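Each remark here refers to the structure printed beneath this line.
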Amino acid sequence: SSRDDQQSQALAKPTFSEVQASALVESLFGLKVSNIQPLPSYDDQNFYVYTSRTKDSTDGPTEYVLKISNTEASKNPDLIEVQSHIIMFLKAAGFPTASVCRTKGNNTTSLVSVDSGSEIKSYLVRLLTYLPGRPIAEFPVSPQLLYEIGRLAAKLDKTLEKFHHPKLSTLHRENFIWNLKNVPVLEKYLYALGQNQSREIVEQVIQLFKEEVMIKFSHFRE
């Protein structure tokens, strides 16, 4: 069943070429693309976009991230809208987040339909400003670094308590594997680790979660 999940994800994942992605940026957002490159992604499709300045845009950003949501996520535009509003909310609160770019029609997303020959598939498209920096994984871990990460996470959490949106309930997805209370759901993906020490550690963590954390869910603030 895990392989079935992988297969459905693969079928749902967008497969736009760089030329097609460039055309989306120009047609939906009115920007002139001078360079576009694929970025790593899980089940969506991401591109790094560099735009050239025009006489109408002498200032402002030139680097962006084009995000094309998979067909399953694209069926839930309310969820994507809430995510975009959260980014804008955090930006306004002073967090170092990307900015959400609006389409030529002044929307935060655009639904694009593509005829694949056998069926028509629809994808939600977004454009965010590119946030420069280095992934935390490239830095040596130190107590000070971990403290700063924890401090930022706490500040983020406290700030988001003030966020309100009429469609906020779309974020509550019971079997969403990235929800930390759903750690046991990860058991069906253990095969991906093969048979090694890493797998043993993960299995132990999942078991401890079941024994020590799940029984105390009712005492935690969600």
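Please read all numbers here as calculations on a predicted model, not as lab measurements. The analysis underlying the following values was restricted to heavy atoms, covering all of them including side chains, and did not include hydrogens, waters or symmetry mates.
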Which pairs pass ring pair (Phe, Tyr, Trp, His ring centres under 6.0 Å) with one or both residues in residues 124-158, sequence neighbours excluded?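 Sorted pair list: Tyr48-Tyr130.
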Among all residues two or more places apart in sequence or in another chain, which pass the ring-ring contact (aromatic ring centres under 6.0 Å, His included) test with Phe95?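 Partners of Phe95 by the ring-ring contact (aromatic ring centres under 6.0 Å, His included) criterion come out as none, since no residue qualifies.
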Go through the structure and list residues passing ring-ring contact (aromatic ring centres under 6.0 Å, His included) with Phe16, not counting sequence neighbours.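 ring-ring contact (aromatic ring centres under 6.0 Å, His included) check on Phe16 returns Tyr123.
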Those residues that, when tested against [X], pass salt bridge (Lys or Arg N to Asp or Glu O under 4.0 Å) (two or more places apart):
X	answer
Lys91	none
Glu187	Lys210
Lys155	none

Would you find a donor on one side and an acceptor on the other, under 3.5 Å apart, between the side chain of Thr129 and the backbone of Ser99?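 Yes, because the side chain of Thr129 sits within donor-acceptor range (under 3.5 Å) of the backbone of Ser99.
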Report yes if the side chains of [X] and [Y] come closer than 4.5 Å at any heavy-atom pair, otherwise no.
X	Y	result
His85	Glu81	yes
Pro77	Leu111	no
Leu186	Val202	no

Does a sphere of radius 6.0 Å around CD in Glu119 hold more than 12 heavy atoms from other residues, nucleotides or ligands, not counting ones at 6.0 Å or beyond?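 Counting neighbours around CD of Glu119, more than 12 heavy atoms of other residues, nucleotides or ligands fall under 6.0 Å, so yes.
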Over 60° means perpendicular and under 30° means parallel, so classify the ring planes of Phe163 and His165, tilted if in between.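 Because their plane-to-plane angle is under 30°, the rings of His165 and Phe163 count as parallel.
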